[in-house]
Amino acid sequence: MTVSWCVSCDHQLRKTKMARSQRFTLVRFLAFIAYLCSYFALGRSTVQVPFLLWSTESLPSLASPAAGHVVSSSQLTTDLSSVFNSGPHTVLLFLQDKLSKDDFTIYGGVFGNKDDGAFLNLEAAMHSSPSSLVLPAVEWSAVRDAPALLQEALGVSPVLVDPDTLSDLQLDPAVSNLMYFTLPYCTGLHESCDQVFRSNDQIIGKVLSIMKAKNLLYTAIYTGLQPSRIIPETLMSEQPQGRSLLQSPPETNVPAPIMFNVSNNPCIMLWAQNLSVSFTPSPQWIDLAKETPTFDGSLCNGTNSVLVLNYQSGIVLSFTMSQKLYPVSARYWFTLDSVLLKSPNGSVSFNGSRGIYAPAEYSFHCMSVNSFRDPLLIRGESDPNTSNWMVNFVDFQIQGFGLANGTDFSYASDCAGFFSAGIWMGLLTTLLMLWILTYGLSMILQFRSMMYDIQKRPMCKKGYALSARTAVRFLEANRTVTPSPQKYQQDQSRSRILPPGKTPFNSSAVRVTTKPDASLSMPGPGTYSHEVAIGRKVVWPMSFGSPDWVKFPQLKKKTLRAELQCDKDFKKHRARVAYLRMYF
């Protein structure tokens with residue numbers, strides 16, 4: 001890689017390159033040692049990491065591997081050689097401490113919720129680049145040697161670059177450049193992997209934005225130094241042979257529970273897979289389940305029980321329990337009132353009475369009892385020096401009263417409720433399927449077969465059976481019939497006397513009851529009088545003068561407020577009606 005700050009800084013730049021090259025060699029050596037240790041520790045395992053490559057320039061097309069195929073070191077070397085065999089290239093290598101393809105499944109965006117993923121900048125760069133290659137499974141040894149392969153293909157040494165100082169570098173596109181960026185991986189219980197992946201994605205987006213602002217073509221690679229999740233392989237020779245359906249699983253070495261005895265009788269029992277405590281802001285867990293404690297200070301009676309675990313490291317865990325009668329349930333219940341954590345540097349108390357309880361004759365069990373994530377143990381008032389102290393109990397079970405089974409726990413009351421989200425989903429799904437089944441059966445019962453139609457159909461009264469023919473079976477032969485002379489002659493033998501006329505409209509009542517006015521047929525002297533007022537007009541309301549309400553046509557009052565079509569016609573023609581009323 002050629003990095004030019006100024007003409008007078010060549011000697012200093014050479015020293016910087018040599019120091020970075022030595023540091024990169026040390027990183028490779030440490031990665032190799034970590035690989036050997038992990039390989040011998042894990043035995044046979046599928047050590048795979050994903051390998052993502054994209055470029056803003058056109059690269060030779062590479063065939064995507066088949067599903068389930070693991071890319072070997074030789075195949076990756078061949079692919080990289082074919083990509084960078086000609087011309088100068090600027091390569092950006094993003095090396096993350098740990099990476100697996102399951103990380104993309106867990107923390108990536110899903111369909112319909114893409115914006116909530118942790119790889120937004122990475123996905124945008126992959127989609128917008130003209131050339132890209134995705135290898136879901138590559139051998140760890142091949143990815144470990146990727147910097148050396150790129151150095152051999154490009155002919156330049158890799159340089160570790162800080163994203164904050166990348167904008168100050170002046171890159172020469174006429175020669176090859178190889179820069180690599182280290183990205184962290186989530187560690188510890190308090191650290192969110194989603195936040196770490198989002199931070200790494202922002203670093204990738206920042207680097208790509210700087211390269212875009214410089215108007216430089218580049219090829220970027222995103223992969224991991226080691227896998228974050230390792231899938232163990234099981235050899236066929238290691239699997240049990242023959243019939244194993246009724247074979248009992250092999251017994252594992254389960255440590256005995258912690259038991260406090262009074263008068264040689266068990267009084268308090270506790271068992272946990274891990275009893276972890278931490279005293280630092282970044283959790284550094286100390287598992288106390290691997291140590292053997294003493295019970296100095298423990299006591300047990302009918303109403304109160306205290307289990308004190310004293311360890312050689314100076315750490316003390318104290319569990320305080322009590323029981324009393326609750327009239328609502330008419331039975332005794334015990335609660336874990338507090339958990340006290342002591343060390344030479346101080347002490348802190350955690351209250352567990354709200355979430356850790358069970359019937360007095362039962363034991364309490366929970367897969368996770370902690371004070372930081374969905375806590376069942378609530379921190380009480382403590383010194384500022386102990387504000388970072390935490391406890392985490394895995395597969396925790398305790399019983400402080402009613403140990404009638406000797407060395408065995410009584411029936412366990414689990415912290416997981418019966419009506420959980422999964423059970424509600426199952427119940428609703430079952431009810432939906434039952435409703436669908438009931439509806440389907442009701443529809444099937446309504447179907448009618450052919451025999452049902454035959455039995456319920458009205459039968460013919462003539463005695464015809466099903467599919468019987470009622471037509472004449474044997475037709476008569478055609479024959480010509482000669483008509484007689486009277487066939488088309490009218491019958492003249494009937495009488496020609498017409499019947500009497502009938503009353504019009506079959507009614508003999510008087511049709512007109514009133515006589516016409518004689519003045520119409522015989523007009524008198526005043527019939528044609530022309531003394532009529534001239535210039536008569538209709539006076540309407542809301543006009544000058546007094547309105548003539550008598551001459552104004554009005555609608556009849558109705559009980560129904562709806563306006564009929566006849567009312568609309570009346571309003572439309574009432575002006576004409578009022579005018580004609582002056583004369584008629």
Treating [X] as the side-chain partner and [Y] as the backbone partner, does any N or O pair qualify as donor plus acceptor under 3.5 Å?
X: K212; Y: L217; value: no
X: K214; Y: L169; value: yes
X: S129; Y: A125; value: yes
X: D395; Y: Q273; value: no
X: R354; Y: I378; value: no
X: T386; Y: G346; value: no

Check the side chains of [Y] and [X] for a donor-acceptor pair under 3.5 angstrom, ignoring hydrogens and angles.
X: Q397; Y: S363; result: yes
X: Q399; Y: S410; result: yes
X: N121; Y: Q202; result: no
X: N177; Y: T90; result: yes
X: N274; Y: S276; result: no

Looking at [X], I'd like to know if its [atom1] atom is crowded, meaning that more than 12 non-hydrogen atoms belonging to other residues, nucleotides or ligands lie closer than 6.0 Å.
X: Y107; atom1: OH; value: yes
X: D164; atom1: CG; value: yes
X: Q284; atom1: CD; value: no
X: E57; atom1: CD; value: yes
X: D162; atom1: CG; value: yes

Nearest atoms (heavy-atom pairs only) where [X] meets [Y]:
X: M390; Y: L341; result: O-CD2, 4.4 Å
X: F104; Y: L99; result: CE1-CD1, 4.2 Å
X: P88; Y: P173; result: CG-O, 3.8 Å
X: L377; Y: F350; result: CB-CB, 3.8 Å
X: V156; Y: S176; result: CG1-O, 3.7 Å

> How would you list, by chain and number, every residue that makes a side-chain hydrogen bond (donor to acceptor under 3.5 Å, both in side chains) with W389, sequence neighbours excluded?
Replying inline: none

> Should the pair K98-D103 be classified as a salt bridge under the 4.0 Å nitrogen-to-oxygen rule?
Replying inline: no

State the [atom1]-[atom2] distance between [X] and [Y], to the nearest 0.5 angstrom.
X: T430; Y: M433; atom1: OG1; atom2: CE; result: 9.0 Å
X: I204; Y: L92; atom1: CD1; atom2: CG; result: 10.5 Å
X: L307; Y: F260; atom1: CG; atom2: CZ; result: 8.0 Å
X: L150; Y: Y180; atom1: CG; atom2: OH; result: 12.5 Å
X: L376; Y: S353; atom1: CG; atom2: OG; result: 11.5 Å
X: L80; Y: T219; atom1: CG; atom2: OG1; result: 10.5 Å

Any [X] side-chain heavy atom under 4.5 Å of [Y] side chain:
X: V316; Y: V308; answer: yes
X: L288; Y: L317; answer: yes
X: P136; Y: P50; answer: no
X: W271; Y: F396; answer: no
X: F51; Y: V49; answer: no
X: N388; Y: F279; answer: no
X: V70; Y: V138; answer: no
X: L135; Y: L52; answer: no

Mind checking whether [X] and [Y] have parallel, tilted or perpendicular rings, split at 30° and 60°?
X: Y222; Y: F119; value: tilted
X: F393; Y: F319; value: tilted
X: Y411; Y: Y362; value: perpendicular

> With F181, which of L95, L166, N200 fulfils side-chain contact (heavy atoms from CB on, under 4.5 Å)?
Replying inline: L166

> Among pairs that include at least one residue of residues 333-345, which meet side chain to side chain donor-acceptor pair (under 3.5 Å), considering only residues two or more places apart or in two chains?
Replying inline: S322-D337, S329-W333, T335-D337

>> Between F84 and V91, does the side-chain contact (heavy atoms from CB on, under 4.5 Å) criterion hold? Intermediate values first, please.
In response: CA-CA 10 Å; F84 304 112; V91 179; 3.7 Å; yes

> For T429 and W424, what are the C-alpha separation, side-chain angles and deciding distance, and is it a side-chain contact (heavy atoms from CB on, under 4.5 Å)?
Replying inline: CA-CA 8 Å; T429 305; W424 277 116; over 6 Å; no

>> Does L216 form a side-chain contact (heavy atoms from CB on, under 4.5 Å) with L171? I'd like the steps, not just the answer.
In response: CA-CA 9 Å; L216 294 175; L171 304 178; 3.8 Å; yes

>> Would V159 and L178 count as a side-chain contact (heavy atoms from CB on, under 4.5 Å) here? Give the steps.
In response: CA-CA 6 Å; V159 177; L178 177 57; over 6 Å; no

